[in-house]
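The structure appears below as structure tokens.
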Amino acid sequence: MSDKLKKIAVYPGTFDPITNGHISLIDRALHIFDEVIVSVARASTKSPLLTCEERLAIVQESLEGKEGVRVEIFDSLLAEYASNVGATAILRGLRAVSDFEFEFQMALMNRRLQKEVETVFLMPALSYVYLSSTIVKEVVRNGGDVTNLIPEPARLALIKKFGL
Ligand code: ADP
């Protein structure tokens with residue numbers, strides 16, 4: 001399929017680290033889009049625990065073999081970046097109501113900046129609705145079990161980072 005006909009979505013995030021909630025969203029998006037570009041944000045207001053290169057490597061390893069997925073780092077204005085890579089959509093996840101206000105603001109700003117790129121919201125599998133990278137880091141740091149909540153490369157990276 002030529003790149004012009006391809007329906008491409010950009011899925012931006014901090015992915016500090018990627019969780020099964022993120023992966024659930026990517027799998028759902030692959031039913032709608034021909035390609036999902038998972039875009040790891042270099043700069044983040046969230047002061048990530050893992051470096052950008054670590055986050056990228058974990059995402060790559062966790063998504064290895066998934067057809068229609070590309071992983072890269074992005075370090076610019078999201079709306080422009082999405083348009084430059086030929087995406088027609090920005091993919092974001094909605095969990096509980098708490099995500100809504102910020103996501104709504106961001107979607108409207110991105111539309112203002114690039115009107116032909118739509119933000120598409122998907123919901124994860126129910127079992128991941130309350131899952132976040134933040135909570136996973138807390139659990140691992142305190143020796144808790146996160147099996148089935150994050151991919152193995154992410155679990156190993158956190159254990160190493162916390163010196164456990
Ligand atoms: P950001 O710093 O851009 O919010 P995150 O990595 O925290 O980066 O999240 C990226 C996107 O994935 C956001 O839209 C977020 O709402 C969504 N997301 C995070 N965790 C989940 C989850 N468990 N289920 C569905 N979406 C999620």
Side-chain angles (χ1 to χ4, degrees), residues 8-33 35-63 66 68-83 85 87-111 113-114 117-141 144-155 157-158 161:
I8 303 172
V10 157
Y11 182 28
T14 310
F15 303 107
D16 186 42
I18 188 167
T19 70
N20 288 357
H22 293 123
I23 296 176
S24 170
L25 225 68
I26 294 164
D27 286 337
R28 277 153 213 278
L30 285 170
H31 295 304
I32 308 173
F33 298 98
E35 185 171 29
V36 174
I37 305 177
V38 181
S39 308
V40 180
R42 180 173 290 284
S44 172
T45 50
K46 290 183 175 170
S47 318
L49 169 75
L50 301 157
T51 67
C52 184
E53 283 68 27
E54 287 168 335
R55 288 180 277 131
L56 174 82
I58 299 165
V59 173
Q60 274 171 335
E61 213 183 314
S62 305
L63 300 177
K66 237 183 232 308
V69 175
R70 200 167 97 203
V71 185
E72 58 187 38
I73 291 175
F74 90 103
D75 196 11
S76 54
L77 195 62
L78 174 61
E80 254 168 45
Y81 162 78
S83 167
V85 295
T88 48
I90 293 170
L91 173 68
R92 295 289 289 177
L94 277 185
R95 288 163 292 184
V97 196
S98 52
D99 277 336
F100 183 78
E101 196 163 336
F102 174 69
E103 293 294 341
F104 194 62
Q105 244 181 11
M106 196 166 89
L108 290 178
M109 179 55 79
N110 282 329
R111 185 200 273 167
L113 294 170
Q114 202 63 253
V117 179
E118 289 294 342
T119 299
V120 172
F121 294 103
L122 292 178
M123 284 164 289
L126 210 50
S127 41
Y128 303 133
V129 159
Y130 290 103
L131 183 61
S132 70
S133 302
T134 306
I135 199 113
V136 154
K137 281 180 281 190
E138 266 320 284
V139 172
V140 174
R141 196 163 65 85
D145 179 24
V146 290
T147 314
N148 298 328
L149 294 180
I150 58 174
E152 194 58 9
R155 197 180 70 83
L158 287 183
K161 198 75 177 181

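The residues of the chain are indexed from 1 along the displayed sequence. When a ligand or atom number is given, it counts from 1 through the structure's own listing order. These figures come from a predicted structure and were not determined experimentally.
Counting only heavy atoms of the protein, atom 12 (O) of ligand 1 lies nearest to Tyr11 OH, 2.7 Å. Nearest to atom 24 (N) of ligand 1 among the protein's heavy atoms is Pro124 CG, 3.1 Å. At the shortest separation from atom 26 (N) of ligand 1 among protein heavy atoms lies Gly93 CA, 3.6 Å.
For atom 13 (C) of ligand 1, the nearest non-hydrogen atom from the set Arg28, Arg55, His22, Arg92 belongs to Arg92.
Closest heavy-atom contact between Pro17 and Ser133: O-OG, 2.8 Å. Residues Pro48 and Thr14 share a closest heavy-atom pair of CG-CG2, 3.9 Å.
Remark: ligand 1 and Tyr128 share an N or O pair separated by less than 3.5 Å (distance only, no angle test). Checking only distances, Phe15 does come within under 3.5 Å of ligand 1, N or O to N or O. Considering backbone and side-chain atoms together, Leu131 places an N or O closer than 3.5 Å to an N or O of ligand 1. Remark: ligand 1 and Ser133 share no N or O pair separated by less than 3.5 Å (distance only, no angle test). Here's the thing with Arg95: one of its N/O atoms is less than 3.5 angstrom from an N/O atom of ligand 1.
Contacts of Thr14 with ligand 1, taken as heavy-atom pairs under 4.0 Å, involve both backbone and side chain. When non-hydrogen atoms are compared, ligand 1 lies under 4.0 Å from neither the backbone nor the side chain of Met123. At a heavy-atom cutoff of 4.0 Å, ligand 1 is contacted by the backbone of Pro12 but not by its side chain.
The closest approach between a heavy atom of Phe102 and any atom of ligand 1 is not below 4.0 Å. Within the structure, ligand 1 has Glu103 among the residues with a heavy atom less than 4.0 angstrom away.
Two residues are said to be in side-chain contact when any heavy atoms from C-beta on lie closer than 4.5 Å; Leu158 and Leu49 meet this criterion. Counting heavy atoms from C-beta on, the side chains of Met109 and Met106 never come closer than 4.5 Å. Between Lys161 and Val140 the shortest side-chain heavy-atom distance does not fall below 4.5 Å.
Salt-bridge check for Arg42 with Glu53: passed, with a basic side-chain N closer than 4.0 Å to an acidic carboxylate O.
Using cut-offs of 30° and 60° on the angle between ring planes, the pair Phe104 and Phe100 is parallel.
Applying the 4.0 Å criterion to heavy atoms of Lys46 picks out, from ligand 1, the atoms 1 (P), 2 (O), 4 (O), 5 (P), 7 (O), 8 (O).
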* To do: Assess whether side chain to side chain contact (heavy atoms under 4.5 Å, CB included) is satisfied between Glu103 and Leu94, documenting all intermediate values.
  => CA-CA 8 Å; Glu103 293 294 341; Leu94 277 185; 4.0 Å; yes

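At least one donor-acceptor pair closer than 3.5 Å links the side chain of Arg92 to the backbone N or O of Pro12. His22 places a side-chain N or O within donor-acceptor distance of the main-chain N or O of Thr19, the cut-off being under 3.5 Å.
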